[in-house]
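It should be emphasised that the depicted structure is a prediction, and the values quoted were computed from it without experimental measurement.
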Number of protein chains: 2
Amino acid sequence: MTVTLADVAARARVSPATVSRVLNGNYPVAASTRERVLRAVDELDYVLNGPASALAAATSDLVGILVNDIADPFFGIMAGAAQSAIGDTGTGRAGGEKLAVVCNTGGSPERELTYLTLLQRQRAAAVVVTGGALVDPDHIAALTAKLTKLGDAGTRVVLCGRPPMPGDAVAATLAFDNRGGARSLTEHLLSLGHRRIGYVAGPVERSTTRDRLDGHRDAMTAAGLDGPGLDRLTVYGRYTRASGYDATRELLAREPSLTAVVAANDTVALGACAALREAGLRIPDDVSVAGFDDLPFSVDAVPSLTTVRLPLHEAGVRAGRLAMGADTPPPGGVSTIRGELMVRASTAPPRA
Amino acid sequence: MTVTLADVAARARVSPATVSRVLNGNYPVAASTRERVLRAVDELDYVLNGPASALAAATSDLVGILVNDIADPFFGIMAGAAQSAIGDTGTGRAGGEKLAVVCNTGGSPERELTYLTLLQRQRAAAVVVTGGALVDPDHIAALTAKLTKLGDAGTRVVLCGRPPMPGDAVAATLAFDNRGGARSLTEHLLSLGHRRIGYVAGPVERSTTRDRLDGHRDAMTAAGLDGPGLDRLTVYGRYTRASGYDATRELLAREPSLTAVVAANDTVALGACAALREAGLRIPDDVSVAGFDDLPFSVDAVPSLTTVRLPLHEAGVRAGRLAMGADTPPPGGVSTIRGELMVRASTAPPRA
DNA sequence: CTGTTAGCGCATTCAT
DNA sequence: ATGAATGCGCTAACAG
């Protein structure tokens with residue numbers, strides 16, 4: 001019923017071993033023979049049996065890319081870039097093709113572990129884990145253990161847009177400088193003259209939330225604005241528009257004379273804008289707003305959003321190449337990627 | 001080095017077959033034995049060898065979800081919904097877990113075919129193909145052939161948000177009523193009194209583009225507004241913000257007295273808004289704008305966008321369940337999903 | 001309910 | 001440069 005390598009061998013009048021060799025291209029084969037085999041493959045419309053191949057070779061051509069939220073362009077951009085970098089590395093022939101796939105954890109630590117197990121089960125060639133991590137020590141330990149096993153089994157593990165992990169389970173990590181970016185963003189607001197700045201944070205248990213908030217606090221503290229007021233003007237939520245909306249209303253209730261709102265990311269910032277507008281406040285005339293990430297829609301927002309640009313596409317490509325072994329890991333295994341402050345129309349000096 | 005099923009069997013003092021049976025759970029096993037085996041699995045930290053399992057069983061637990069653009073929430077929402085529907089069908093035990101993965105074709109027909117081959121190679125349990133199709137007959141033929149082979153090999157093929165295909169290669173298709181939705185959208189504009197309506201279409205070779213444009217033309221024709229003017233006020237582009245921006249400038253150049261712009265989707269509509277605003281036109285006072293899809297950001301746009309809501313999440317979940325065989329296909333194999341007109345602030349009667 | 005026996009389709013030694 | 005033989009780890013008949 002289904003065509004096997006042996007069928008191809010018979011048609012090409014060679015041994016199965018030879019067919020295997022031309023297909024994998026890692027071995028010297030006479031040009032004429034190769035030609036004949038390739039023709040038989042074509043005529044029979046043969047497709048390699050992946051599981052059989054993976055079983056015999058003890059490794060598969062599967063590369064997994066884990067994301068927290070596939071509906072969020074933040075992850076989509078990174079994943080898409082990684083996926084194309086991995087696909088493009090192929091020789092074009094069917095031989096070197098990797099199957100780069102993205103797995104959506106939905107931010108759930110259990111699903112993260114489950115996907116990793118599934119990938120381990122498939123003997124994945126590499127795994128790219130993207131986005132902020134959970135700060136919970138138990139989960140970090142479990143994750144580290146799982147990644148170590150993957151690494152020991154020959155799977156190359158790459159972290160992208162995620163803080164480094166302890167141990168040597170990870171081949172390479174590309175970390176974003178969330179703290180530094182957040183600090184420069186708040187410094188920008190401070191330099192405009194703002195003093196009563198609200199902060200809409202993400203989920204408290206995520207490293208990204210912590211890092212960005214830390215950066216914000218660094219700037220506030222350096223300006224002598226630390227103290228209890230800082231906590232009072234910080235509201236935690238999720239990385240959604242609705243969360244930004246709700247948190248901003250809360251902020252407004254706590255401090256009606258707010259002159260600026262810094263959001264954990266661009267999506268949250270949009271929700272903040274909606275809440276401010278609804279309260280009859282103009283942006284940036286009455287209140288300035290800033291985001292983080294610089295997703296594609298941010299430049300089109302009205303007014304266009306001041307934010308910190310993260311080179312998501314570039315990071316994804318680098319992670320993909322690292323996963324393929326096409327690039328060598330940075331010294332020490334960790335590379336920190338900086339964000340760039342994008343000053344646009346949503347921030348201005350506070351009203352006099 | 002690596003723990004195998006035989007190791008588990010030895011530790012649990014049963015035969016390998018029994019271990020296999022408790023792991024797959026599709027066979028009666030005494031509770032005490034199962035307990036012993038599970039304990040051994042745990043103690044040895046055993047992970048099933050997917051390729052070996054797939055080889056022996058002639059099917060894997062991999063489910064592929066193909067999308068045109070992973071960075072576009074349109075696809076992200078459908079893919080995420082499908083993926084969670086597939087994951088949730090699992091019993092919770094490691095046994096029934098499917099590995100739902102998304103593959104990004106980038107809209108390239110070659111990559112679409114390549115991914116399908118890769119999935120075929122892996123003996124995927126099911127494949128969900130999302131989004132608009134290429135209208136090119138050659139590609140449709142190639143795709144049909146490939147899907148037929150997949151189907152013959154036991155892979156369940158489901159189409160989601162995509163027009164039906166000829167033949168019986170496909171187990172089920174969930175099609176969006178793009179034409180009907182587009183028609184009702186333009187009718188809305190017409191009923192407001194608009195007559196000079198520009199249309200910013202997507203890529204000419206995509207079925208989604210065609211269908212939505214057809215719906216628009218249906219409405220225009222019914223209103224007696226067909227003729228050469230219709231073509232003159234139609235500009236093709238891509239499904240991006242930049243494309244909407246450029247096309248709208250072009251439209252404005254062709255017809256400065258335009259009173260409305262209908263865009264192929266919400267993202268394009270945002271670009272259109274930017275171009276109009278830059279031209280000093282107010283929305284909707286001077287020009288009305290409408291989109292399609294009702295992505296999450298559309299309600300937050302300023303002004304909020306009139307559009308046609310497509311139940312992307314619901315469609316994704318249905319596709320996922322269909323792919324798992326958890327739901328039975330609709331009669332005839334095809335189910336058409338209607339959109340819902342969402343009238344918001346970006347459309348208003350034209351100026352007198 | 002459980003053990004035994006055969007492959008599944010391919011990559012890889014080892015020969016030649 | 002090519003062929004023959006072996007085993008990867010597991011599932012699926014069959015027995016019992």
Rounded to whole Å, the CG-P distance (B:D61 to D:dG9) equals 18 Å

Nearest to the side chain of B:L48 - D:dG9, D:dT11, C:dT2? D:dT11

Would you give the length of the straight line joining atom CD of A:Q83 to atom CG of B:N104, rounded to the nearest 0.5 angstrom? 5.0 Å

Show me, pair by pair, the donor-acceptor contacts under 3.5 angstrom made by side chains of residues 45-52 of chain A, not counting sequence neighbours?
residue, atom, partner, partner atom, Å
A:D45, OD2, B:K149, NZ, 2.6
A:N49, OD1, A:A52, N, 3.0

Are more than 12 heavy atoms, taken from residues, nucleotides or ligands other than B:E43, located less than 6.0 Å from that residue's CD atom? yes

Could you go through the side-chain hydrogen bond (donor to acceptor under 3.5 Å, both in side chains) check for B:R123 and B:T155 one step at a time? CA-CA 7 Å; B:R123 304 298 188 257; B:T155 298; over 6 Å; no

Of the non-hydrogen atoms in A:P329 and A:A171, which two are nearest, and what is the gap between them? CB-O, 3.7 Å

Mind calculating the distance between CZ (B:R13) and C1' (C:dG3) to the nearest angstrom? 15 Å

Between the opening five pairs and the closing five pairs of the helix from C:dC1-D:dG16 to C:dT16-D:dA1, how far apart are the helix axes, to 10°? 20°

Among C:dT2, D:dG9, C:dA11, which nucleotide sits nearest the side chain of A:L5? C:dA11

Quick one: do A:R318 and A:S335 satisfy side-chain hydrogen bond (donor to acceptor under 3.5 Å, both in side chains)? Show the steps, please. CA-CA 11 Å; A:R318 283 181 62 189; A:S335 173; 3.1 Å; yes

Name the nucleic acid region contacted by B:V14, choosing base, sugar-phosphate or nothing; use a 4.0 angstrom heavy-atom cut-off, strictly under. sugar-phosphate

Value for CG (A:L99) from OG (A:S60), rounded to nearest 0.5 Å, stands at 8.5 Å

Restricting to nitrogen or oxygen on both sides, can you table the protein-nucleotides 12-16 of chain D pairs closer than 3.5 Å?
none

Tell me yes or no: between the side chains of A:T114 and A:T117, is some donor less than 3.5 Å from an acceptor? no

May I have the distance from A:N49 (atom CG) to D:dG9 (atom P), rounded to whole angstrom? 17 Å

Charged N to carboxylate O below 4.0 Å: is that the case for A:E112 and A:R162? yes

Just how far, in rounded Å, is P of D:dG7 from CG of B:L55? 17 Å

Nearest listed nucleotide, side chain of B:V29, among C:dC1, C:dG9, C:dT2: C:dT2

Can you tell me how far C1' of C:dG9 sits from CD of B:Q122, to the nearest Å? 14 Å

Nearest of C:dC10, D:dC8, C:dT2 to any side-chain atom of B:A30? C:dT2

Please report the distance, rounded to the nearest Å, between CZ in A:R36 and P in D:dT2. 8 Å

Counting only side-chain nitrogens and oxygens, does A:T4 get under 4.0 Å of the OP1 or OP2 atom of C:dC8? no

What is the distance, to the nearest angstrom, from the CG atom on B:L23 to the C1' atom on D:dT11? 12 Å

Kindly determine whether A:S108 and A:T105 satisfy side-chain hydrogen bond (donor to acceptor under 3.5 Å, both in side chains), including the steps that lead there. CA-CA 6 Å; A:S108 150; A:T105 67; over 6 Å; no

At under 4.0 Å, does any side-chain N or O of B:T18 touch on OP1 or OP2 of C:dG3? yes

5'-most contact on DNA chain C (nearest-nucleotide basis), B:R34 vs B:R123, goes to B:R34

Report yes if at least one side-chain N or O of A:S53 is closer than 4.0 Å to OP1 or OP2 of C:dA11; otherwise report no. yes

